[in-house]
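Below, all heavy atoms of this structure are taken into account, side chains as well, without hydrogens, waters or symmetry copies.
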Amino acid sequence: MRQAILLSFLFISSLSVRAQNSFNPLGEWRGSFPLYNGEEIPFNFSVRADSNGKYRVYFINGSEEYFGGDLIQVNDSLQIWINQFDRLMTIGIKNSKILRGFWRRQTNGEDAFPILVEQHNSQRFIETPDTTAQNISGKYDVVFTNDSGKQVKAIGIFNQEGNKGGVTFLRPSGDTRYSFGSVQGKEFKFSLFIGYSPLLFKGTIEPDGSLKGIQQGLKSVQLIRAYKNEAALISAPSTLTQLKNKSTPFNFSLPNMVGKKISLDDSAYFNKPVILTIGGTWCPNCADEAKFLSTWYKANKSRGIEVITAQFEVKDEFGYAQKTMGRFKEKFGIEYQQVFGGLSNGESVLKTFPLLKNFTGFPTTLFIRSDRTIQNIHAGFAGPATGEYYQAFIDSFNKHADELLIKDHATQIEDWKRARIHALKAEDGWLNLEGLFWLNEGVNTFGSGVKNKLVFPLGTIGLNGGELVKKGDSVWLNPAAGIRFEVDQKITQSKTLLFSNSKTTAVVNHRNLRFTIIQRGEKIGVRLRNLQSNQLKKFEGIQYFETDSNWRFKANFIKSAFKQHIVIKNALGQENPTELAGKFRFEYKGQFYTLDAISEGDYLLIVMGDATSGLSTYAAGRFLYIAKTEAEAPDFMIDFNKAYNPPCVFTPFATCPIPPPQNILPFAVTAGEKLYSNH
């Protein structure tokens, strides 16, 4: 009983101490950054509780409320974690009305600046009552001059109601977002802060209506000279960043958030147009762009266009970039890839993307065609605070994206050719095949030694690699002592089942070798690949007939009314009865022709010959693959520009079908791939 009373007393005491030490941060706050010249950069924020009771901080700039982060109490201080910008605001809790604190980088407390804050105060600047304000609303031609004399032109967009107002400056590199303040007589003061880079704009209204003042940050001051001009202009965003060579393909290989290298050659991007943004998670304009782009991508990705953001961060450390990119992804709901480009300066950008001749600032957006040439480069970002300029950006962005997706017939064929070469050179392509070995029942030894049943290329594996044991329809791998294999991405040195009726064939890796088990009728064999094969290294491409739209014909796909088979022979002389999927019917020079098609997954395959077979094209014919969804479209056109060589042309280790007699056209199809020169 006494123990229960004691525990109860301790619990009540604990609550009492917590209540005494707790601080209610809810409400409106005024903060300021004291400056060296006696000025200050004021800002406002609001602390609110969400449905879970967590304190959330919103920075206020006029009509904009920008989520800054979470607020927590730690002992006798409040901490505002501004994760988007890797910043921390710490406020000491005291009895005095004006509280003191610091705004600094989260990592190691670097770049710290003192702040003063006051609760229950929503004032921005100290104002003089009954002071008549001169109205400065409108657009201005603006020139900023830094302390070294360098000048930058901008558009000033001023808004004012009574003596309250704000300004957004739109430079070629982007805009200053929302600011808020007041106009007192012939003086104006506006400030902005969303957790990063506080700025003060102050100045006077001259007798001729022009404006003279300064932009002051924590580390820099620039002079401002502005003249009212409703037709104010700055350089077009597409003229600022240039390329060294417009015809050179653009590419890169950079790590994403988990360290995987991302390239435009990856299957996710191959033959697709890509919008690449060059930014940084620290950059307010980049944040505005990400908010727009994340929503845009979700609405447009199904059109066959991709987005990648290359983030350049304040630290050239991958671990740091992982943290900042992860926070950025969460804040803006990003579904596309972010990659780490390096340190946040122009020199680093040009090193990462050497095709760029110059770099004018973050963010910069590149519109990349499917052939990897650049269609357009948009420097900077005019955000929501710029009004009509933001809408102009959206219109321009959509125009360029739409143009990337519009392809004429010649471009479509070039895309198809690239995909064809890419497939041939891929890890599962035909150019790296080094052997096709049919297995005997029982033990089949393999290795680079000539006494093995299966002799693999010299230097790719030891003299004795082990055994492949065939038992009926099953195949087992039995490695030799000391030999390690990777089977379906798992390392093994013990006997492993590779193939059976109930198991899909496994993929076996050893150094640069890769092999799988295949079955052709009653025969079971090993298909061997060498990812560093000489044929792959010596491959110089394919010759084509000139692309000709006259070899596209309106065609009808007529599905089989009942189940029927056609006999297709292969290069081994085997006859394979194959189910007929349907017939393609088209007209050529006033006469109708049909081609039989068989089904292969989501595609229809036509094995065809014509009058060029054995002359300018492969003697055993060519293939046409057609997506089933395309074939069933009412406006489908069969395109012989996509007729291509079967795998037998590239390797002796492939077993190819031969065109059935009904698929040999009596005229010369001078379109598509020609005979491979190395055959």
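Here OG1 of T364 is found 8.5 Å from CG of L240. Values are rounded to the nearest 0.5 Å. Distance check, rounded to the nearest 0.5 Å: CD of Q134 to CD of Q184 gives 13.0 Å. Note that the NZ atom of K272 and the OG atom of S267 stand 9.0 Å from one another [nearest 0.5 Å]. With rounding to the nearest 0.5 angstrom, the CE atom of M89 is 4.5 Å from the CD1 atom of I115. Rounding to the nearest 0.5 Å gives a distance of 9.5 Å between CG of D316 and OG of S344.
Under the side chain to side chain contact (heavy atoms under 4.5 Å, CB included) criterion, D402 pairs with R303, not counting sequence neighbours.
The aromatic rings of F397 and F393 lie tilted to each other, with the angle between the two planes from 30° to 60°. Classified by interplanar angle (parallel below 30°, tilted 30° to 60°, perpendicular above 60°), the ring pair F353/F312 is perpendicular. Using the six-membered ring where Trp is involved, F169 and F158 have ring planes that are perpendicular, over 60° apart on the 30 and 60° scheme.
A donor-acceptor pair under 3.5 Å is formed between the side chain of S294 and the backbone N or O of F332. D266 places a side-chain N or O within donor-acceptor distance of the main-chain N or O of S263, the cut-off being under 3.5 Å. Side-chain atoms of S348 come within 3.5 Å of backbone N or O of L343 as a donor-acceptor pair. Of the possible donor and acceptor atoms, none in the side chain of E28 sits under 3.5 Å from a partner among the backbone N and O of S122. Judged purely by atom type and a 3.5 angstrom limit, S191 uses its side chain to pair as donor or acceptor with the backbone of P42. In this structure, the side chain of Q375 engages the main chain of H400 through a donor-acceptor pair within 3.5 Å. Within the 3.5 Å criterion, the main-chain N or O of Q84 finds no donor-acceptor partner in the side chain of W282. The backbone N or O of N271 lies less than 3.5 Å from no partner atom in the side chain of H422, so there is not a single donor-acceptor pair. For Q322 (side chain) and M257 (main-chain N/O), a donor-acceptor pair under 3.5 Å exists by modelled atom type. Not one N or O on the side chain of K261 forms a donor-acceptor pair closer than 3.5 Å with the backbone of F252.
With a 4.5 Å cut-off on side-chain heavy atoms, L243 and L356 count as touching. Counting heavy atoms from C-beta on, the side chains of E306 and F270 never come closer than 4.5 Å. Residues I374 and F367 have side chains not in contact (no heavy-atom distance under 4.5 Å, counting atoms from C-beta outward). Within the 4.5 Å cutoff, the side chain of I275 has heavy atoms near those of the W296 side chain. Considering only heavy atoms from C-beta on, T360 stays 4.5 Å or farther from S173 through its side chain. Looking at heavy atoms from C-beta onward, T281 lies in side-chain contact with E313 at the 4.5 angstrom threshold. Under the 4.5 Å side-chain criterion, counting only non-hydrogen atoms from C-beta, L366 is not in contact with N376. Counting only heavy atoms from C-beta outward, the side chains of Y336 and L293 approach each other to under 4.5 Å.
One side chain, D415 or S370, offers a donor N or O that lies under 3.5 Å from an acceptor on the other. A side-chain donor from one of R124 and N44 sits under 3.5 Å from a side-chain acceptor of the other. Using modelled atom types and a 3.5 Å distance limit, the side chains of E289 and T365 yield a donor-acceptor pair. For the 3.5 Å distance criterion, the side chains of T204 and E206 qualify, holding a donor opposite an acceptor. Using a 3.5 Å distance cut-off with no hydrogens or angles, the side chains of T90 and S77 do not pair a donor with an acceptor.
Counting non-hydrogen atoms of neighbouring residues, nucleotides and ligands closer than 6.0 angstrom, the CD atom of E330 reaches no more than 12 such neighbours. No more than 12 heavy atoms of other residues, nucleotides or ligands lie within 6.0 Å of NZ in K291, so this atom counts as exposed by the packing criterion. In K301, the NZ atom is crowded: over 12 heavy atoms of neighbouring residues, nucleotides or ligands sit closer than 6.0 Å. Within a 6.0 Å sphere centred on CD of E230, heavy atoms belonging to other residues, nucleotides or ligands number more than 12. Residue E414 qualifies as enclosed at atom CD: its count of foreign heavy atoms under 6.0 Å is above 12. For K329, the NZ atom sits in a loose shell: 12 or fewer heavy atoms of surrounding residues, nucleotides or ligands are nearer than 6.0 Å.
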Worked check of salt bridge (Lys or Arg N to Asp or Glu O under 4.0 Å) between R177 and E64:
CA-CA 10 Å; R177 305 192 77 262; E64 184 194 42; 2.5 Å; yes
Please determine whether salt bridge (Lys or Arg N to Asp or Glu O under 4.0 Å) holds for the pair D86 and K315, giving the CA-CA distance in whole Å, both sets of side-chain angles, and the decisive distance to 0.1 Å.
CA-CA 11 Å; D86 190 39; K315 291 179 179 290; over 6 Å; no
Derivation and outcome, salt bridge (Lys or Arg N to Asp or Glu O under 4.0 Å), residues K351 and E347
CA-CA 6 Å; K351 182 178 179 181; E347 183 180 343; over 6 Å; no
Walk me through it: do F188 and F190 pass the test ring pair (Phe, Tyr, Trp, His ring centres under 6.0 Å)?
CA-CA 7 Å; F188 63 87; F190 307 117; 5.8 Å; yes
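Residue pairs satisfying the salt bridge (charged side-chain N to carboxylate O under 4.0 Å, His left out) criterion with at least one member in residues 31-54, sequence neighbours excluded, are listed as follows: R30-E40, E39-K189, E39-K202, R48-E65, K54-D70.
A pairwise comparison of heavy atoms in P273 and L404 identifies CB-CB, 3.7 Å as the closest pair. Across all their heavy atoms, L264 and F250 have their closest contact at CD1-O, 3.4 Å. Taking each heavy atom of I194 and F85 in turn, the nearest pair found is O-CE1, 3.6 Å. Between I305 and N300, the shortest heavy-atom distance links the atoms CG2-O, 3.6 Å. In terms of heavy atoms, V117 sits closest to G31 at CG1-CA, 3.9 Å. Closest non-hydrogen pair, P249 versus D371, comes out as CB-O, 4.2 Å.
Taking the ring centroids of F33 and F43, they lie under the 6.0 Å cut-off.
A salt bridge is defined here as a Lys NZ or Arg NE, NH1 or NH2 lying under 4.0 Å from an Asp or Glu carboxylate O, and R225 with D141 fails to meet this definition. No salt bridge links E110 with R87; every basic N to acidic carboxylate O contact stays at or beyond 4.0 Å.
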Validation: residues 214-222 side-chain donor-acceptor distances under 3.5 Å, sequence neighbours left out:
residue, atom, partner, partner atom, Å
Q215, OE1, R171, NH2, 2.7
Q216, OE1, N37, ND2, 3.4
K219, NZ, D111, OD1, 3.1

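Taking the centre and axis of the six-membered ring of Y66, the NZ or CZ atom of K331 falls inside the cone set by 45° and 6.0 Å.
For the side chain to side chain contact (heavy atoms under 4.5 Å, CB included) test with Y140, the passing option among I157, V167, L211, I155 is L211; the others fail. With F193 as reference, W103 is the one residue of Y178, W103, F113, Y58 to meet the ring-ring contact (aromatic ring centres under 6.0 Å, His included) rule.
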